[in-house]
There are 2 protein chains.
Amino acid sequence: MKTGDLNLVKKINKSIVLTTIQNMAPLSRANISEITGLNKATVSSLVAELIDEALVGETGPGESSGGRRPVMLYFNKKAGFSIGVDLGVNYMLAVLTDLSGTIIYEKQTELEPQTNQEAIFTKLSLLIKDTMDHVPESPYGIIGVGIGVPGITNNEGDVLLAPNLGWGFTDIKGYLAKQFDIPIIIDNEANAGAYGEKLYGSGKTLANFIYTSIGIGIGSGIVIDNSLFRGATGISGEMGHFTINAHGPTCRCGNKGCWELYASEQALLKEAQNLPSLKERKDINLELLIQLAEAGDQDILQLFDLIGEYIGIGFVNIANTFNPQAIILGNRFSLIKKWIFEAINRTIAQRLSVSQETEIKFSERGIYSCALGSAAFVIEAFFSHRKVTVE
Amino acid sequence: MKTGDLNLVKKINKSIVLTTIQNMAPLSRANISEITGLNKATVSSLVAELIDEALVGETGPGESSGGRRPVMLYFNKKAGFSIGVDLGVNYMLAVLTDLSGTIIYEKQTELEPQTNQEAIFTKLSLLIKDTMDHVPESPYGIIGVGIGVPGITNNEGDVLLAPNLGWGFTDIKGYLAKQFDIPIIIDNEANAGAYGEKLYGSGKTLANFIYTSIGIGIGSGIVIDNSLFRGATGISGEMGHFTINAHGPTCRCGNKGCWELYASEQALLKEAQNLPSLKERKDINLELLIQLAEAGDQDILQLFDLIGEYIGIGFVNIANTFNPQAIILGNRFSLIKKWIFEAINRTIAQRLSVSQETEIKFSERGIYSCALGSAAFVIEAFFSHRKVTVE
DNA sequence: TACTCTTTGTTTAAACAACAAACAAAGCCT
DNA sequence: AGGCTTTGTTTGTTGTTTAAACAAAGAGTA
């Protein structure tokens with residue numbers, strides 16, 4: 001049982017001071033005291049410890065406001081570095097970030113579709129090693145590696161199922177832990193994307209939102225009260241598989257009429273193939289359709305509109321279920337924003353009860369959301385034993 | 001900003017001690033010390049204060065285990081009383097409970113359908129006053145009134161919309177506050193039901209579950225990490241209005257093919273009306289159908305089965321979205337459990353990916369869930385300034 | 001320049017909650 | 001009767017926040 005003692009009090013206040021510096025630097029000890037309500041003496045003593053731990057530094061004297069000049073403090077975001085990997089179906093993207101989520105280095109590797117698991121593991125190791133080589137000198141070095149996987153993961157770092165990779169149960173954390181002696185965090189690609197947008201993108205100012213990652217499939221990350229909801233056993237947000245057509249076609253998940261059969265890249269490409277103008281072509285992919293849309297192809301524009309409508313139908317379901325402040329659309333479909341945005345909003349206006357005010361947004365960090373979020377999971381874990389919240 | 005100080009530590013520990021006594025009484029100070037890890041001296045001092053506040057009492061000496069006999073403590077559940085009201089469409093049920101949720105007194109009032117708001121308010125006042133008259137003498141008296149309303153409420157205690165009552169925006173809290181000088185808490189009927197089941201029913205051992213209240217409409221309460229999720233602005237769980245048929249009939253909410261059009265009492269009665277055997281009858285209601293089912297009417301049994309299937313389809317959506325440990329079916333449809341249970345489970349087995357293990361349960365407190373949950377909201381508020389949690 | 005006032009940050013002493021250890025109380029066992 | 005065990009209180013220590021005093025360093029003004 002978690003009882004209270006003096007140690008806890010200190011931890012809470014130190015956490016508050018650190019968070020304040022992270023969010024509002026540059027600022028002085030006096031500023032912190034005023035903002036937090038903590039006594040000046042308390043702030044001084046806690047800041048001294050944070051400086052000892054290399055998490056905070058002094059930049060020098062600031063502007064006087066009629067008295068002694070303050071000593072300005074900053075958050076030492078270079079105290080350590082995190083690695084985040086977006087493990088896609090046909091690519092791998094790794095980013096190296098500092099403790100504030102700024103990208104220091106990035107590297108992308110292409111993957112042949114259907115690459116076997118052994119080969120993916122090897123490439124992943126190489127990618128991580130390469131990224132590690134680009135870490136600057138720092139007190140804490142690399143504080144961990146986070147990986148976003150397009151599939152279902154549990155809280156122990158196992159992948160339970162990743163159909164688009166052809167994986168069943170996979171102990172990816174175990175594999176990596178053997179090679180790298182640092183914390184490894186595995187999570188779902190949509191959760192990571194949601195977290196990335198929460199910290200560094202469209203979700204920065206939102207406490208409650210749903211991030212929907214629409215690509216080949218549809219995944220989602222649920223942010224409630226500023227933190228990610230992972231569900232009972234770490235599986236959740238499989239919203240691509242809710243039924244929007246009770247007697248529709250069977251999905252590979254076993255259910256019928258799943259949303260993702262109507263509103264994903266897989267649905268889009270299938271419909272495109274049926275267009276008279278494209279019937280013969282074998283090279284249909286999202287990029288081609290974007291080209292055609294740019295050129296003003298009416299069939300394609302109409303198709304995008306239809307897909308947008310189905311996305312809107314799913315969004316109405318999400319809004320009715322969670323009443324979030326916003327739904328953020330991310331992953332590949334953020335590329336076709338301009339052709340689906342109107343249809344999504346139109347559908348929502350038609351179907352959603354007026355009392356709800358859910359805004360539709362698009363991912364701000366684009367293809368980086370997932371890698372950034374994965375890196376952020378590591379940073380969160382690094383700070384977790386320093387940060388405490390009370391309610 | 002919420003900083004830490006000695007006062008906070010004390011509050012945390014006092015809260016732990018009180019919770020421990022509530023959950024495990026009768027027990028001694030030494031027991032508490034052992035269970036919580038708090039020092040014996042600390043426990044003694046905190047228990048002394050709780051006794052001063054009349055929340056805890058001593059029953060007398062317990063069994064010796066080879067030394068001095070312990071003084072056994074109990075939670076004084078009679079220190080105050082709470083009133084919970086289930087404001088239904090054609091009835092009002094009030095319960096008077098002690099601080100542990102035990103019902104001391106209850107009273108139900110029938111309502112004519114379409115009763116106007118003024119009349120409902122008057123009846124509600126009378127019901128509350130009558131309930132108050134049955135309160136035993138106690139240190140804190142009546143600590144508040146909680147009301148569960150079949151509609152959308154916000155966190156300020158306003159009803160925004162209650163279609164089945166014919167209400168638009170209604171300041172019910174304001175009305176009651178004028179007459180009763182105690183805390184008034186207004187919440188959605190499904191949220192209250194969920195909370196009632198969480199504390200005193202099928203949800204007691206579950207940290208994550210979805211309570212679906214299926215009656216005329218379908219509402220839902222979402223329990224995440226042992227606490228109720230209310231959504232961005234206190235509106236959430238309008239799951240009855242997610243689409244399960246993208247191009248189905250239009251619902252009064254504006255959306256199309258809403259789940260509640262296929263799986264609620266309203267759907268059931270409409271289908272029943274179309275049965276050849278019932279075409280001429282004007283007195284179709286749930287109770288009649290139950291009678292017929294008991295008598296073995298094949299048409300009715302088949303109809304129940306069909307409705308069960310649609311309930312199952314919605315449950316699959318819920319499971320895919322939240323991955324809860326269980327889905328608890330409550331309200332009127334808990335009455336027809338034996339005729340729909342099999343169809344629900346069958347549908348889920350067919351449609352839900354095997355990796356998920358969501359159990360289907362039925363409400364344990366039956367028609368009391370909502371009133372009990374409403375009363376519990378009041379108790380929670382009463383303790384909220386005493387109880388603190390840290391993470 | 002000299003002086004006062006303001007602001008910043010540190011030092012000092014007081015308050016207080018948890019804690020360990022000693023102690024008192026009240027039982028059990030032989 | 002005496003030793004042992006368990007319970008619960010008392011006593012003194014530790015560690016943290018805090019208010020108040022203080023020191024440092026600048027601004028403003030005559």
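Residue numbering restarts at 1 for every chain, and letters A, B, ... go by the order of the sequence lines.
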Side-chain atoms of residues 35-46 of chain B: list all donor-acceptor pairs with protein atoms under 3.5 Å, sequence neighbours left out, distances to 0.1 Å.
| residue | atom | partner | partner atom | Å |
| --- | --- | --- | --- | --- |
| B:T36 | OG1 | B:I32 | O | 2.7 |
| B:T36 | OG1 | B:L38 | N | 3.1 |
| B:N39 | OD1 | B:A41 | N | 2.8 |

Short question: side chain of [X], backbone of [Y] - any donor-acceptor pair under 3.5 Å?
X      : Y      : value
A:T131 : A:L96  : no
B:T59  : B:M72  : yes
B:T153 : B:D187 : no

Atom of [X], atom of [Y] and distance for their closest heavy-atom approach:
X      : Y      : value
B:E106 : B:V95  : CB-CG1, 4.2 Å
A:T3   : B:I12  : C-CG2, 4.4 Å
B:G84  : B:S374 : CA-CB, 4.0 Å

With DNA chain C as reference, determine whether A:N39 or A:T3 sits nearer its 5' end, using the nearest nucleotide of each.
A:N39
Within residues 42-73 of chain B, those residues having any heavy atom closer than 4.0 Å to DNA chain C are B:T42, B:S64, B:G66, B:G67, B:R68, B:R69
Interface with DNA chain C, restricted to residues 22-37 of chain A and to heavy atoms under 4.0 Å:
A:S28, A:R29, A:A30
Could you tell me whether A:N23 atom CG has more than 12 heavy atoms of other residues or ligands within 6.0 Å of it?
yes
Only counting residues at least two apart or in another chain, list the ones meeting side-chain contact (heavy atoms from CB on, under 4.5 Å) with [X].
X      : value
A:N226 : A:K198, A:A207
A:V56  : A:L18, A:I21, A:L50, A:I51, A:L73
B:S369 : B:E197, B:Y211, B:S363, B:R365

Contact list (N/O, under 3.5 angstrom) for nucleotides 28-30 of chain D vs protein:
none

Pairs in or reaching into [range]: which pass side-chain hydrogen bond (donor to acceptor under 3.5 Å, both in side chains), with residues at least two apart or in two chains?
range                     : value
residues 70-81 of chain A : A:K78-A:D98
residues 61-70 of chain B : none
residues 13-22 of chain B : B:K14-B:E49, B:K14-B:E53, B:T19-B:K387

NA contact type, B:K40, heavy-atom cut-off 4.0 Å: base, sugar-phosphate, or nothing?
base
Give A:N7 one of three labels, base, sugar-phosphate or nothing, depending on what nucleic acid heavy atoms sit under 4.0 Å from its own.
nothing
Can you pull out how bent the helix from C:dT1-D:dA30 to C:dT30-D:dA1 is, comparing the axes over its first five and last five pairs, to 10°?
10°
Boundaries of the DNA chain C segment in contact with chain B, non-hydrogen, under 4.0 Å
C:dC16 to C:dC28
Derivation of the ring-ring contact (aromatic ring centres under 6.0 Å, His included) call for A:Y368 and A:Y200
CA-CA 10 Å; A:Y368 293 104; A:Y200 315 122; over 10 Å; no
